[in-house]
Amino acid sequence: MMAEADTEENVYREAVAESPVAPPNGDINIDDLLPDGPQGNIQGQMEEFLGPQPEYDEEEEEKKYYRRKKLGVVKNVLGASVGGMIIYSVYMGLLQMQLILHYDETYREVKYGNLGLEDIDKKMLMGINVTPIIALLYTPILIRFLGTKWMMFLASGIYALFVSTNYWERYYTLVPSAVAIGAAIVPLWASLGNYITRMAQQYYEYVNYKDDHVQEQKKLPKGACHRYVIVFQSVFFVIFHLSLVFAEFPQRIFLHQYLSDYNHTLYNVKHCGAEGSGMIEGFNRTVLKHLPRSLALIQVESVLMGAAFLSMIIFLAVCGAAYRPTEEIDLRSIGWGNIFQLPFKHLRDYRLRLLIPFFIYSGLDTLFSVTGLTLSYGVCTVGLEWLYLLVMVYGLSCSLFSCLSLSLLRLPRYVSLLGGAVIHGPLLVFLLFWSPAPRSPDQLPYLLVVIALWGMGSALNKTGLSILLGMLYEDKERLDFVYTIYHWWQAIAIFIVYLWTGLIMRAKLSILLVILLLACFCYWTMERRLSKNMHFRLPRIPRPKHKVKGYRYLEEENSDESNSEESDEDEDEEQQEEVIREDFGGDAGSQGSDSTRERRGGARGRRRRRDDDYEQAGEREEREKEG
């Protein structure tokens, strides 16, 4: 026992002798207590991990990040273009096939009996063409409430709904879906125009991410993103106009084998072209050699339905948001009443007013090209079996010659619009005197040349208008209002074409020619005023007033209600000052700025006196407590 105790005491003494002696002042160095070796150098490992990495290049990583952002913008543009192309290919292809089948008397009697398909088709076309008249009242509200991307997705869903109603063709399925499409046309096109222009602005921001105005999210310099607007709008229309080509696939692949030849369908037709009236006077009421099987029709409609769903998926999964989340909240926060009024207030701008004739001509051109030109001149001459070729040539021409708008990167912006007018003007004069004979298939080459030239003018017209609006209105808070006005006037023009169906062809061509000349004169007047720096009147966009809870709107200073209201008043006065300068020029603007400066100074003085009163009241309370 004594030997074991001596052994433990010796071990303890050796341990004490080996342990470091504590310093006299009580300070202990932690590094001295840590064991030596790689496992003990924890602090060095942490410094090496948290410190700057020699292999990390911050500038290079930043370039890679914004390169991915730019590729994302390109993906968004291609997604919106392909999605719009697919949904319109489905819509126009199905509508054309449906109208041809319902036109045939034998098909109506055998398939549907006394259902009244002809009357249903008239009401369906009325719903598509009449409903957009009221679109100006709700389009900006829908776009700002749902967002640009979700508006495109919802509109594509409405087009898919129209496809689904053709499985069960009844009055209560076809007519309501047609009215829904009429209600969605203007919001869809306004969203597409707004979306492509916003992508151009975002691409500029990602290219010039080091600039101060981009980092501080300030307004872009004037004309900074014009080249991107030109490129993106041209790419969109190059892809979108292919919808006219793909829309003819159902007729060429499926319906073409059932169509009668021109000797049967044009047997009673006496006049075509300029001498005709209506669509095709005397066209045969039976156009099918034999009826298609119901199962085959269901298969075709199922393929179209799948394409419509694909378009919805593209809008949903491929297209990104057009605005930042905080920007979308700001766009909605100006108030529903202001959103409702601002489209009408923008019409006070003389630039928009002078472009209205071009808007109307663009709508007339859209429907005349696929009804008057291809039917009254094309089908009336060579027969219904060549309709697919006429429309496909027109679509290919529009798609190919939309690339000509890229010339605006080097040429003035009026080249596209006036170039389209220079092409359409002589063609309208030629069509006024050209009346090809019915049942003349030898006229097909001449028809294809005329339709291809008309497609060139249409491409320059539509692409040029969208580019011009993106150049004139660079403020991202106004894009939805401007494109809504543009496509609303287009819808009004399409409604006019729907009403003039029974007019003689020379009257239609004369109206087109007069409106084209008026549009060119008004556009020349607008450019002349802009060259003289004449001030245009833009409505004030109210500042968003966030009276809601959320970290996004908490302010570091002046967060109490009274001061925040006064700051809102100051902001409104500043914006009113900007409007005065734009409306009345420099002198009135300087007088307005002096008056607003005095009012602002008075508001600041009242706020300063109120703060002094608060401080004095606080000092008195402290003295009373000390006493």
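Each residue takes its place number in the sequence, starting with 1. Bear in mind the structure is a predicted one, so any value in this text is a computation, not a measurement.
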L448/L389 under side-chain contact (heavy atoms from CB on, under 4.5 Å): CA gap, chis, key distance, verdict: CA-CA 9 Å; L448 295 180; L389 182 61; 4.2 Å; yes
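- One finds the CG atom of L192 at 9.0 Å from the CZ atom of F237 (value rounded to the nearest 0.5 Å).
- Counting heavy atoms from C-beta on, the side chains of K123 and I120 never come closer than 4.5 Å.
- With ring centers used as reference points, F246 lies under 6.0 Å from F249.
- D121 is linked by a salt bridge (Lys or Arg N to Asp or Glu O under 4.0 Å) to nothing, counting only residues two or more places apart in sequence or in another chain.
- Looking only at side-chain heavy atoms (C-beta outward), L95 and F162 come within less than 4.5 Å of each other.
- Between P539 and F344 the shortest side-chain heavy-atom distance does not fall below 4.5 Å.
- Under a 3.5 Å cut-off, the side chain of D104 and the backbone N or O of L288 do form a donor-acceptor pair.
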Apply the test side-chain contact (heavy atoms from CB on, under 4.5 Å) to residues L136 and V186: give CA-CA distance (whole Å), side-chain angles for both, the deciding distance (0.1 Å), then the verdict. CA-CA 8 Å; L136 190 63; V186 175; over 6 Å; no
Could you list the donor-acceptor pairs under 3.5 angstrom formed by side chains in residues 316-325, with sequence neighbours left out?
residue, atom, partner, partner atom, Å
Y323, OH, N194, OD1, 3.3
Y323, OH, K476, O, 3.0
R324, NH1, E327, OE2, 2.6
R324, NH2, E205, OE1, 3.4

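- Between L304 and V90, the shortest heavy-atom distance links the atoms O-CG1, 3.6 Å.
- Taking each heavy atom of N166 and L94 in turn, the nearest pair found is ND2-CD2, 3.3 Å.
- Counting heavy atoms from C-beta outward, T463 and V238 have side chains that stay 4.5 Å or more apart.
- Rounded to the nearest 0.5 angstrom, I87 CD1 and F240 CZ are separated by 10.5 Å.
- Remark: aromatic rings of Y206 and Y203 are distant, center separation not under 6.0 Å.
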Chi angles and distances behind the side-chain contact (heavy atoms from CB on, under 4.5 Å) call for S405, I467: CA-CA 9 Å; S405 296; I467 291 173; 3.9 Å; yes
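- Considering W189, F481, F359 in turn, W189 is the only one that fulfils the ring pair (Phe, Tyr, Trp, His ring centres under 6.0 Å) rule with H487.
- The two residues I181 and I158 have their closest heavy-atom pair at N-CG2, 3.8 Å.
- Using a distance-only test at 3.5 Å, with no hydrogens or angles considered, a donor-acceptor pair links the side chain of S156 to the main chain of F153.
- Annotation: cation-pi geometry not satisfied between R478 and Y473 (NZ/CZ under 6.0 angstrom from ring centroid, within 45° of ring axis).
- Judged by distance alone, with hydrogens and angles left aside, the side-chain atoms of S311 form a donor-acceptor pair with the main-chain N or O of G83 at under 3.5 Å.
- Looking at L355 and L469, their side chains come closer than 4.5 Å, going by heavy atoms from C-beta outward.
- Between the Y138 side chain and the A183 main chain, a donor and an acceptor come within less than 3.5 Å of each other.
- By the ring-ring contact (aromatic ring centres under 6.0 Å, His included) test, Y483 pairs with no residue at all, sequence neighbours left out.
- Annotation: side chain of L538 is in contact with side chain of R351 (closest heavy-atom distance under 4.5 Å).
- Remark: N129 CG to F495 CZ distance equals 8.5 Å, nearest 0.5 Å.
- In this model, no donor atom of one side chain and acceptor atom of the other lie less than 3.5 Å apart for S402 and Q233.
- A 6.0 Å sphere centred on NZ of K122 holds no more than 12 heavy atoms belonging to other residues, nucleotides or ligands.
- Using a distance-only test at 3.5 Å, with no hydrogens or angles considered, a donor-acceptor pair links the side chain of T371 to the main chain of L367.
- To the nearest 0.5 Å, atoms CG (L244) and CG (L390) are separated by 12.5 Å.
- Around OH of Y65, the count of heavy atoms belonging to other residues, nucleotides or ligands within 6.0 Å does not exceed 12.
- At most 12 non-hydrogen atoms from other residues, nucleotides or ligands lie less than 6.0 angstrom from CZ of R227.
- Checking side-chain atoms of R252 against main-chain N and O of Y388 turns up no donor-acceptor pair under 3.5 Å.
- Of all non-hydrogen atoms in P140 and P343, the two that sit nearest each other are CG-CG, 3.4 Å.
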Steps toward side-chain contact (heavy atoms from CB on, under 4.5 Å) verdict (Y377, V450): CA-CA 10 Å; Y377 281 88; V450 171; over 6 Å; no
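- C522 and L354 get closest at one heavy-atom pair: CB-O, 3.2 Å.
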When the side chains of residues 454-461 are checked against the rest of the protein, which donor-acceptor pairs come out under 3.5 Å, sequence neighbours left out?
residue, atom, partner, partner atom, Å
W454, NE1, D365, OD1, 2.8
S458, OG, D365, OD1, 3.0
S458, OG, D365, OD2, 2.9
S458, OG, Y394, OH, 3.3
S458, OG, W454, O, 3.0
N461, OD1, S362, OG, 3.4

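- Between W500 and F368, the gap from one ring centroid to the other reaches at least 6.0 Å.
- The backbone N or O of V379 sits nowhere less than 3.5 Å from a side-chain atom of W386 that would complete a donor-acceptor pair.
- Among residues two or more places apart in sequence or in another chain, the side chain to side chain donor-acceptor pair (under 3.5 Å) test is passed with Q202 by none.
- Counted within 6.0 Å of CZ on F145, heavy atoms from surrounding residues, nucleotides or ligands total 12 or fewer; the atom is thus considered open.
- Side-chain contact between I339 and I334 is present, with at least one heavy-atom pair separated by less than 4.5 Å.
- Although no hydrogens or angles enter the test, the distance criterion places no donor-acceptor pair under 3.5 Å between the side chain of S177 and the main chain of T165.
- Once rounded to the nearest 0.5 Å, the distance linking CG of L188 with CE of M152 reads 8.5 Å.
- Between Y107 and H102, the two ring planes are parallel [angle under 30°; tilted spans 30° to 60°].
- Between E385 and V382, the shortest heavy-atom distance links the atoms OE2-O, 3.8 Å.
- Residues in residues 132-160 take part in these salt bridge (Lys or Arg N to Asp or Glu O under 4.0 Å) pairs, two or more places apart or across chains: R144-D480.
- The residues E62 and K210 are annotated as not salt-bridged, no charged nitrogen and carboxylate oxygen being separated by less than 4.0 angstrom.
- In summary, the side chains of Y167 and S302 do present a donor paired with an acceptor at a separation below 3.5 Å, with no hydrogens or angles considered.
- Ring orientation note: the planes of Y91 and Y159 are nearly perpendicular, at an angle over 60° on the 30°/60° scale.
- Between the S369 side chain and the T366 main chain, a donor and an acceptor come within less than 3.5 Å of each other.
- No donor-acceptor pair under 3.5 Å is formed between the side chain of E474 and the backbone N or O of K222.
- Aromatic pair Y523/Y414: centroids not less than 6.0 angstrom apart.
- Side-chain contact between L472 and M526: present, with at least one pair of heavy atoms (C-beta onward) separated by less than 4.5 Å.
- Applying the 6.0 Å contact sphere to OH of Y209 captures more than 12 heavy atoms from other residues, nucleotides or ligands.
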